[in-house]
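Encoded as structure tokens, the structure appears first; notes follow it.
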There are 2 protein chains.
Amino acid sequence: MAWDTAGTRRRLLDAGARQFAARGFAGTTMDALSRDAGVNKERVYAYFGDKRGLFGAVLADRLGGLLDGAQVEGTGPAAVGAWAGELFDRYRRTPDLARLLAWESLELDEAASADHRAATCRDRATHLRAVLPGLDAARAQHLLLSVVTLVTGWWTLARLGDVVLTAGAGADPDDAADARRAALVAQVEALARAT
Amino acid sequence: MAWDTAGTRRRLLDAGARQFAARGFAGTTMDALSRDAGVNKERVYAYFGDKRGLFGAVLADRLGGLLDGAQVEGTGPAAVGAWAGELFDRYRRTPDLARLLAWESLELDEAASADHRAATCRDRATHLRAVLPGLDAARAQHLLLSVVTLVTGWWTLARLGDVVLTAGAGADPDDAADARRAALVAQVEALARAT
DNA sequence: GAGAACTCCAAACGATCGGTTGGAGAGACG
DNA sequence: CGTCTCTCCAACCGATCGTTTGGAGTTCTC
């Protein structure tokens with residue numbers, strides 16, 4: 001059997017993302033993680049120092065590109081609503097992303113790769129001001145934060161959704177997600193319109 | 001020294017709320033919890049069965065009355081915005097509440113005391129329809145969910161706020177909370193107006 | 001007031017935690 | 001080929017985990 005250092009590293013990051021997203025930092029055990037990765041747990045210490053080091057690496061790996069590729073297309077409130085819908089779809093494809101964000105906030109004192117992410121957010125906020133003329137910088141940031149909070153919240157405050165949404169509550173979670181997506185797009189559009 | 005069963009029980013619930021809010025279910029140890037409560041940890045098993053039982057009891061104790069007392073006063077979008085501000089202030093006084101909500105969503109498969117909370121939410125949603133004429137049932141629920149998500153998100157997705165908000169970012173977290181509160185009230189008002 | 005019933009705690013339980021060690025095997029270089 | 005370095009793993013380490021036990025002290029019942 002040959003070496004595969006890059007592959008081993010990536011398998012640990014992937015398994016870390018799965019495990020940390022599902023169970024959080026405290027809830028994840030090194031045994032389960034290494035079993036998931038198909039790699040001996042000693043490798044974690046060789047590559048990432050310790051458990052916390054892997055956690056930080058996973059967060060930086062996954063959260064760094066959170067807003068990459070998801071840019072507002074076009075102009076006007078409807079474009080902002082559509083962008084929120086895209087963000088929602090992205091979470092739907094990879095729900096781990098949203099949960100990692102939540103664990104980061106709850107279990108860490110400061111954001112992973114904060115500088116890079118802050119720069120991305122500044123870029124998105126200024127772009128938002130181009131899409132919605134007359135929006136000042138502070139309000140653009142708060143709008144951005146609210147959109148991300150609303151969309152992320154569906155995955156990270158899931159029990160809240162269970163409790164609040166009982167009208168037309170089909171047993172199918174997919175239907176609930178569809179309905180929520182539609183409601184969010186409309187609400188974000190309304191937020192964007194109130195400039 | 002006399003007995004104080006009600007007091008012991010309450011001390012465990014209070015310490016449980018503090019510990020679980022700060023560190024989550026997996027991150028909380030029975031030793032730290034009993035030390036915090038000033039009670040022997042064996043008492044947890046006598047009163048609540050096991051660690052998970054205490055967790056459920058704490059959630060039911062704190063989350064059951066989450067929306068109690070916070071009712072929309074008056075009519076029209078401005079009233080809804082003011083209500084969101086009140087909810088924000090409540091979290092500000094007891095941030096444990098918001099974090100407990102987040103841990104519940106991340107670490108449990110179903111909501112604690114779901115029936116009672118669902119009933120309260122239905123009540124709040126219908127009340128919302130009285131405050132905002134012309135709002136249908138489904139949209140009222142989604143509005144309710146969005147308001148609670150937005151307000152709760154400030155405390156449960158705190159790292160997100162760190163990254164997104166850099167404009168006029170005074171080092172004082174209190175100032176950031178003030179600014180966020182003002183932005184949220186305005187945004188919720190806009191959401192309520194778009195009916 | 002004797003004994004049952006209950007509260008509470010110190011100490012200990014096996015299991016599992018994050019982290020380490022020693023060595024077997026695979027490439028690099030001469 | 002010999003040797004040195006690096007990857008990888010099985011087995012192990014002390015510490016700590018959630019939970020239980022035995023018993024001392026307190027209130028209730030008759």
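From a predicted model like this one, the values you see are computed outputs, not experimental measurements. Naming: A, B, ... by sequence-line order, numbering from 1 per chain.
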If the cut-off is 4.0 Å, is A/Y47 near the phosphate of D/dT7, judged by side-chain N/O to OP1 or OP2?
no
Between B/T8 and C/dT7, does any side-chain N or O lie under 4.0 Å from OP1 or OP2?
no
Find the distance [X]:[atom1] to [N]:[atom2] and express it as a whole number of Å.
X: B/L33; N: D/dC17; atom1: CG; atom2: P; answer: 12 Å
X: B/Q19; N: D/dG18; atom1: CD; atom2: C1'; answer: 15 Å
X: B/F48; N: D/dT19; atom1: CZ; atom2: P; answer: 14 Å
X: A/Y45; N: C/dC17; atom1: OH; atom2: C1'; answer: 9 Å
X: B/D4; N: C/dC9; atom1: CG; atom2: P; answer: 11 Å
X: A/R43; N: C/dG18; atom1: CZ; atom2: P; answer: 18 Å
X: B/D50; N: D/dC17; atom1: CG; atom2: C1'; answer: 14 Å
X: B/R9; N: C/dT7; atom1: CZ; atom2: C1'; answer: 14 Å

Any side-chain to backbone donor/acceptor pair from [X] onto [Y]? Under 3.5 Å, distance only.
X: B/R180; Y: A/H142; result: yes
X: A/T94; Y: A/Y91; result: no
X: A/R124; Y: A/L144; result: no

Sorted by position of nearest nucleotide on DNA chain C, 5' first, the leading residue of B/K41 and B/G38 is B/G38
Check every atom of [options] against the side chain of [X] and return the nucleotide holding the closest atom.
X: B/T5; options: C/dG18, D/dT19, C/dT7; answer: C/dT7
X: B/N40; options: C/dG19, C/dA10, D/dT7; answer: C/dA10
X: A/E42; options: D/dA10, D/dG18, C/dG18; answer: D/dA10

May I ask you to say what A/T28 touches in the nucleic acid, namely base, sugar-phosphate or nothing, with a heavy-atom cut-off under 4.0 Å?
sugar-phosphate
What contact category does B/V39 fall into here, base, sugar-phosphate, or nothing, at under 4.0 angstrom with non-hydrogen atoms?
sugar-phosphate
Against B/Q19, only a single residue in B/D36, B/D14, B/T28, B/T29 fulfils side chain to side chain donor-acceptor pair (under 3.5 Å); can you say which?
B/D36
Tell me, yes or no, whether the heavy-atom count around B/D109 atom CG, taken from other residues, nucleotides or ligands under 6.0 Å, exceeds 12.
no
Looking at A/D115, I want to see if its CG is surrounded by more than 12 non-hydrogen atoms of other residues, nucleotides or ligands under 6.0 Å.
no
Applying side-chain contact (heavy atoms from CB on, under 4.5 Å) between A/T152 and each of A/L150, A/T156, A/T149, report the one that passes.
A/T156
Per-helix bend value, the helix from C/dG1-D/dC30 to C/dG30-D/dC1, C1' rotation axes over five pairs per end, 10° rounding, shows 10°
